[in-house]
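Beneath this line is the structure, given in structure tokens, with notes to follow.
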There are 2 protein chains.
Amino acid sequence: MSQHDSTETASPAPEPEAGRAELRRAAFLEAARDVFLEFGYEQANMAEIVRRAGGSLSTLYAQFGGKKGLFEAMIDSRVGELTEQMQVELAAHAPLREGLQRIGEAFLTKQTQPESLEVMRLMVAQAKKFPEIAETWAKRAPEAVRKALATYLEDRAKAGEIRIENYDLAASVYFDLVRSRLQFRSLLLPNYRPTEAEIREVVERAVKVFIGGIEAL
Amino acid sequence: MSQHDSTETASPAPEPEAGRAELRRAAFLEAARDVFLEFGYEQANMAEIVRRAGGSLSTLYAQFGGKKGLFEAMIDSRVGELTEQMQVELAAHAPLREGLQRIGEAFLTKQTQPESLEVMRLMVAQAKKFPEIAETWAKRAPEAVRKALATYLEDRAKAGEIRIENYDLAASVYFDLVRSRLQFRSLLLPNYRPTEAEIREVVERAVKVFIGGIEAL
DNA sequence: CAGGATATGTAATTCGCGTTACGTTTCAGT
DNA sequence: ACTGAAACGTAACGCGAATTACATATCCTG
């Protein structure tokens with residue numbers, strides 16, 4: 001009776017051909033994500049997760065072994081999704097300034113969204129307790145984005161718009177320029193949320209400095 | 001008998017003319033800093049703090065009211081100290097490249113020291129629970145460093161070494177270039193520690209891009 | 001439709017830890 | 001020394017929460 005809505009909570013069905021156990025599992029993971037992100041690892045309450053997911057505490061423990069196991073499973077299930085969420089739709093063959101601007105704004109907009117920030121806070125906070133998790137996170141996500149930008153830069157370089165020696169390096173530099181201040185501020189000021197205008201301005205600045213300075217490498 | 005070394009633990013005496021209460025307070029704050037940084041806010045154990053500081057639980061509660069009060073007091077006492085620790089000895093009238101390199105290396109070296117990283121982790125993790133604290137932290141520290149660099153840049157501009165319109169802005173950009181990747185990695189990979197060579201390399205890159213690109217602003 | 005496995009709900013069971021109580025000791029000022 | 005206040009040490013209190021136990025309900029399979 002308390003879990004009347006167990007399946008409602010379970011968002012779009014993950015896999016159409018999922019057994020009961022799979023459904024339970026998906027619902028648990030989703031609720032776990034919400035609760036862990038909202039309260040942080042230590043403050044997250046197992047009972048609260050069950051309350052949101054429906055189902056029972058017993059099943060949760062049977063499936064994940066405990067809080068730690070649930071947390072790890074939750075992160076695992078999100079890594080792919082969140083990585084591709086980081087994926088900047090690279091602006092195909094757009095001219096350099098326009099392409100960099102679009103990519104930069106998209107990246108920064110995603111990075112400063114509440115959910116991304118929550119994930120980041122959780123990762124940073126738990127880096128010592130869950131080293132492997134933070135590690136895969138720290139390596140996979142940035143790499144994906146960097147590769148995408150590097151490809152775009154190579155495209156532009158071959159079009160003669162800019163001269164770049166090391167595309168990966170250049171991509172790193174650009175993201176450093178774009179990200180830094182706003183990400184830092186957003187992480188520490190939970191109520192601060194950059195406006196579109198601020199983002200545009202920061203990115204415009206980054207584009208100018210990047211184009212002007214990158215050939216000096 | 002268990003606090004045989006209460007004063008030993010209390011590092012260099014903070015104020016020569018300190019009453020007993022002041023001594024206790026200083027010892028508590030120091031132990032609190034260690035324990036909070038080591039375990040994080042939730043996992044920090046009041047008894048453990050007393051164990052390290054010497055003194056008694058009762059006194060701790062009498063002086064700080066509780067865990068929250070102790071935490072806030074500890075952070076307060078650290079802010080001034082760490083802010084000035086952040087103070088980059090600005091390289092006076094050194095030539096631009098050399099000055100930027102020195103400032104950048106000093107900054108990055110401090111930023112990637114374990115203690116700075118622990119503080120950062122703690123702040124990020126508790127930003128929601130202690131908004132005011134994180135706020136002063138997020139604003140005071142960077143401002144001090146930025147001001148210092150801005151002053152140096154103005155000096156160099158007046159010496160005709162570079163043309164810059166907005167010194168504060170330029171300083172922000174430089175720190176963004178210097179900080180980003182290594183700080184990000186260090187926060188997420190608790191076992192990673194950049195070598196001096198890595199730091200030098202990153203800063204060299206930043207200097208090149210900055211000098212090449214900053215006039216485009 | 002039977003039967004065994006799995007899920008459910010609820011209620012213990014522990015356990016860690018923040019906080020408080022209280023009797024004893026130490027200390028500064030007269 | 002005398003004395004009142006502050007500090008000490010220790011042990012309890014209380015609570016929140018992870019984990020487990022168990023009796024019941026539900027669902028696939030043969």
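Letters A, B, ... are given to chains in the order of the sequence lines, protein chains preceding strands, and every chain is numbered from 1.
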If you check every side-chain atom of A:Ser58, which of D:dC8, D:dT19, C:dT10 has the closest atom?
C:dT10
pair A:Phe36-A:Lys67: side-chain heavy atoms closer than 4.5 Å:
yes
Please report, rounded to the nearest Å, how far the P atom of C:dT8 is from the CG atom of A:Leu57.
11 Å
Atom CZ of B:Arg25 and atom C1' of D:dA7: how far apart are they, to the nearest Å?
16 Å
B:Lys67 NZ to D:dG16 C1', in whole Å, measures 13 Å
Roughly how many Å is it from CZ in A:Phe64 to P in D:dA18, rounded to a whole number?
15 Å
Parallel, tilted or perpendicular for A:Phe107 and A:Phe175, by the 30°/60° rule?
tilted
So that I can tick it off, tell me whether B:Arg200 and B:Glu204 are bridged by a salt bridge, with the cut-off set at under 4.0 angstrom between side-chain N and carboxylate O.
no
Can you tell me how far C1' of D:dT10 sits from CG of B:Leu60, to the nearest Å?
16 Å
With respect to the side chain of A:Thr59, which nucleotide from C:dA11, D:dA11, C:dA7 is positioned closest?
C:dA7
Taking the side chain as everything from C-beta on, heavy atoms only, tell me whether A:Tyr152 gets closer than 4.5 Å to A:Tyr167.
no
Name the orientation class of the two ring planes belonging to B:Phe71 and B:Phe130 (parallel below 30°, tilted from 30 to 60°, perpendicular beyond 60°).
tilted
Take the protein atom CD of B:Gln63 and the nucleotide atom P of C:dT19, then report the distance between them rounded to whole Å.
16 Å
Stretch residues 41-49 of chain A: residues that reach within less than 4.0 Å of DNA chain D through a heavy atom:
A:Ala44, A:Asn45, A:Met46
Would you say B:Glu198's side chain and B:Thr195's backbone share a donor-acceptor pair under 3.5 angstrom?
yes
Rounded to the nearest Å, what distance is computed from the CG atom of residue B:Leu70 to the C1' atom of nucleotide C:dT19?
14 Å
Check for a donor-acceptor pair, side chain of A:Thr112 on one end and backbone N or O of A:Leu108 on the other, with a separation under 3.5 Å.
yes
Rounded distance in Å - OH (B:Tyr61) to P (C:dC17)
12 Å
For a quick test of reading the model: is some side-chain N or O of A:Arg24 closer than 4.0 Å to OP1 or OP2 of C:dT8?
yes
